[in-house]
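Here's the structure, in structure tokens; my notes come after.
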Amino acid sequence: MARCLFCPVSRRARLMGGRLMKAAGCLALVASGLCFGTHRHLGLATTKATPRSAQGFGGEELRQVKKVEQQYKTKKGLRSTTDAVRFFEKAASCREKGDLQTAIQHYRKARVAIGKASGKGSKDYARVCNDLAQTYFEVGRHNRAMELLEESRTAFATAVGEEHVEYAGCLQNLARVKLKLNFVAEAEALYKKASKIYAGDLGANHMAYLDSLRSLASLYQSVGQPDMVRPLLLEEQRVKTLAAQLGHRAQ
């Protein structure tokens, strides 16, 4: 299975971050170090403010920092986070084994759980939507894949902005689905936008940039525009030469 464009290391290092800020009051529970697909423990830093009593010692009972209902909601939020990790890991494992239908079920559960825990504008939510979309694409449900990638695109735009490499990766994935559904002009525009983002930092993203150039060249070949391919091949050679000079290995 091809490695996700979003992750320069491995798919099991995805879904890092996702600060969990839940509930009002003086108790803040921060879920730090969330990383789907790894065996890293979910670190929880708990900070509890000192309760303030009413004036006049012994005159009134101390007020609780949080009501029981608020505490439950916080615990429920944390449970959603750990559920998301568990479901994502199961989905990734099933996908690697080729059990795509089961993978879809687990990805869907992870998407719901992380949506509750981190929100639909978080990187974690965007990444779950992306992987679920890729799995739907693999089973031939291209329209559903496109819907999820549009959702992922919106979440990435909110979480990291439209100049980030992960946003560019989402655009590439969406372009592939658009092309499959014969939305050629839209796919071309998405590939070009992704390439422009990668080109902004070739030192870090030259491999992703090369991949976007090849994808764009393949699109032009498929629609019978070979004259558009040559400039892309020249640009590919330029980037390879530059990468070699910088000590990178371009394939």
Side-chain angles (χ1 to χ4, degrees), residues 4-7 9-49 64-96 101-136 144-145 147-162 164-167 169-170 173-174:
C4 176
L5 290 172
F6 295 178
C7 184
V9 182
S10 69
R11 169 146 55 81
R12 291 183 65 81
R14 293 180 191 167
L15 295 150
M16 295 182 177
R19 288 179 60 194
L20 177 60
M21 298 294 290
K22 278 284 183 179
C26 302
L27 179 64
L29 291 176
V30 180
S32 61
L34 173 60
C35 178
F36 287 158
T38 72
H39 299 293
R40 186 179 306 172
H41 294 290
L42 183 66
L44 299 179
T46 304
T47 303
K48 185 174 182 179
Q64 294 295 320
V65 175
K66 295 174 71 67
K67 296 179 180 179
V68 173
E69 182 182 0
Q70 291 175 313
Q71 293 174 1
Y72 173 75
K73 287 182 178 178
T74 300
K75 293 173 185 176
K76 187 175 181 180
L78 294 176
R79 189 163 60 249
S80 294
T81 301
T82 54
D83 284 347
V85 174
R86 177 165 52 87
F87 289 136
F88 188 90
E89 288 183 342
K90 286 183 178 180
S93 177
C94 290
R95 189 179 176 196
E96 288 178 353
Q101 294 299 336
T102 303
I104 286 172
Q105 294 176 17
H106 289 307
Y107 276 133
R108 289 177 63 185
K109 292 177 181 178
R111 174 171 167 262
V112 171
I114 203 62
K116 292 179 179 178
S118 297
K120 294 186 177 181
S122 66
K123 285 193 293 185
D124 293 339
Y125 185 78
R127 289 161 174 164
V128 172
C129 287
N130 173 76
D131 280 21
L132 177 56
Q134 297 311 306
T135 312
Y136 271 126
R144 183 56 181 146
E147 292 171 356
L148 285 163
L149 284 169
E150 290 285 9
E151 193 171 357
S152 178
R153 177 185 184 179
T154 300
F156 273 128
T158 300
V160 299
E162 297 186 6
H164 195 276
V165 63
E166 289 196 73
Y167 182 79
C170 183
N173 290 334
L174 182 57

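Start at 1 with the first residue, then count along the sequence.
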Quiz item: Quick one: side chain to side chain contact (heavy atoms under 4.5 Å, CB included) partners of A145, sequence neighbours excluded?
Solution: A133, Y136, F137, V177
Quiz item: Out of curiosity, E147 CD to L132 CG, how far, rounded to the nearest 0.5 Å?
Solution: 11.0 Å
Exercise. First locate atom CG of D124, then atom CZ of F88, and finally report the distance between them rounded to the nearest 0.5 Å.
Key: 9.0 Å
Self-check item: Results of side chain to side chain contact (heavy atoms under 4.5 Å, CB included) for K90 - residues two or more places apart only
Solution: R86, H106
Quiz prompt | Shortest non-hydrogen contact between R127 and F156, atoms and distance | solution = CG-CZ, 3.8 Å
Quiz prompt | Any residue meeting side chain to side chain contact (heavy atoms under 4.5 Å, CB included) with A103, in chain and number order, not counting sequence neighbours | solution = C94, R95, Y107, T135
Self-check item: Shortest non-hydrogen separation from A117 to T81 and the atoms involved
Solution: CB-OG1, 3.2 Å
Exercise. Of all the heavy-atom pairs spanning A155 and S122, show the shortest one and how long it is.
Key: CB-O, 4.0 Å
Quiz item: Are more than 12 heavy atoms from other residues, nucleotides or ligands located less than 6.0 Å from atom CZ of R108?
Solution: no
Quiz prompt | With E150 via salt bridge (Lys or Arg N to Asp or Glu O under 4.0 Å) - residues at least two apart | solution = R153, K178
Quiz item: Is there side-chain contact between K123 and H164, with heavy atoms separated by less than 4.5 Å?
Solution: no
Exercise. Tell me, please, which residues at least two apart from T102 pass side-chain hydrogen bond (donor to acceptor under 3.5 Å, both in side chains).
Key: D99
Quiz item: How long is the span from the CZ atom in F87 to the CZ atom in R111, to the nearest 0.5 Å?
Solution: 14.0 Å
Quiz item: When rounded to the nearest 0.5 angstrom, what distance separates CG in N173 from CG in L149?
Solution: 6.0 Å
Self-check item: Listed partners of E162 passing side chain to side chain contact (heavy atoms under 4.5 Å, CB included), at least two apart
Solution: A157, Y167, K193
